[in-house]
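Computation of the quantities below employed the complete heavy-atom set of this structure, encompassing side-chain atoms and omitting hydrogens, waters and symmetry-equivalent molecules.
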Amino acid sequence: YRVEEITSSLRADTSSTQGRDMLKSALIRVMLLPKTTATFNSRVRLESLPGETFRLIEKQPKFDAFGKIDHWQCDLKYL
């Protein structure tokens with residue numbers, strides 16, 4: 001998976017000085033079985049990343065040579 005750091009502005013105190021905070025965002029592409037019931041905006045947990053929760057943001061069918069769905073290609077975003 002890909003992890004990137006995003007810089008965001010925040011107000012450090014009442015004297016209008018600014019600080020910086022680093023937020024983590026991850027995008028993971030996984031293949032799910034054809035019988036999956038996950039839909040857009042579903043929460044997904046992966047066994048390989050225990051304790052982490054992701055949201056399904058894109059789901060596309062991938063077909064075999066005979067035109068049958070082989071798997072779903074899904075993009076997940078870290079919550």
Side-chain angles (χ1 to χ4, degrees):
Y1 63 93
R2 182 177 73 214
V3 176
E4 58 188 41
E5 291 185 354
I6 301 170
T7 303
S8 68
S9 297
L10 62 95
R11 193 158 182 156
D13 58 21
T14 57
S15 64
S16 298
T17 59
Q18 289 187 352
R20 292 296 212 203
D21 185 23
M22 299 304 280
L23 304 174
K24 286 191 177 177
S25 174
L27 180 64
I28 297 176
R29 179 164 285 165
V30 296
M31 294 183 291
L32 299 180
L33 296 173
K35 62 181 180 180
T36 187
T37 59
T39 59
F40 178 74
N41 233 9
S42 291
R43 287 184 179 209
V44 178
R45 300 187 99 187
L46 304 174
E47 288 182 12
S48 58
L49 296 169
E52 303 292 338
T53 305
F54 299 88
R55 184 169 308 280
L56 194 146
I57 58 172
E58 189 171 341
K59 180 180 174 185
Q60 297 180 359
K62 296 299 178 178
F63 301 94
D64 63 14
F66 301 105
K68 197 171 133 188
I69 292 180
D70 183 60
H71 64 274
W72 291 94
Q73 177 180 297
C74 299
D75 290 341
L76 308 175
K77 185 177 180 182
Y78 181 74
L79 287 179

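Residues satisfying the side chain to side chain donor-acceptor pair (under 3.5 Å) test with S42, not counting sequence neighbours, are T39. Here P34 pairs with I69 under the side-chain contact (heavy atoms from CB on, under 4.5 Å) rule; sequence neighbours left out.
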Checklist entry - Given L49 and I28, is the side-chain contact (heavy atoms from CB on, under 4.5 Å) satisfied, shown in steps? => result CA-CA 11 Å; L49 296 169; I28 297 176; 3.9 Å; yes
Checklist entry - Can you check side-chain contact (heavy atoms from CB on, under 4.5 Å) on L46 and L76, steps first, answer last? => result CA-CA 10 Å; L46 304 174; L76 308 175; 4.2 Å; yes
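Hydrophobic clustering places F63 together with L32 (ILVMFWY residues linked when any side-chain heavy atoms are closer than 4.5 Å, directly or through intermediates).
Minimum heavy-atom separation, I57 to F40: O-CE1, 3.2 Å. Contact record, W72 with T36: CD1-CG2, 3.5 Å, taken as the closest heavy-atom pair.
For R55, the CZ atom is densely surrounded, since the number of other residues' heavy atoms within 6.0 Å is greater than 12.
The structure places CD of Q60 at 10.0 Å from NE2 of H71, a figure rounded to the nearest 0.5 Å.
Here the side chain of K59 pairs a donor or acceptor atom with the backbone of A38 at under 3.5 angstrom.
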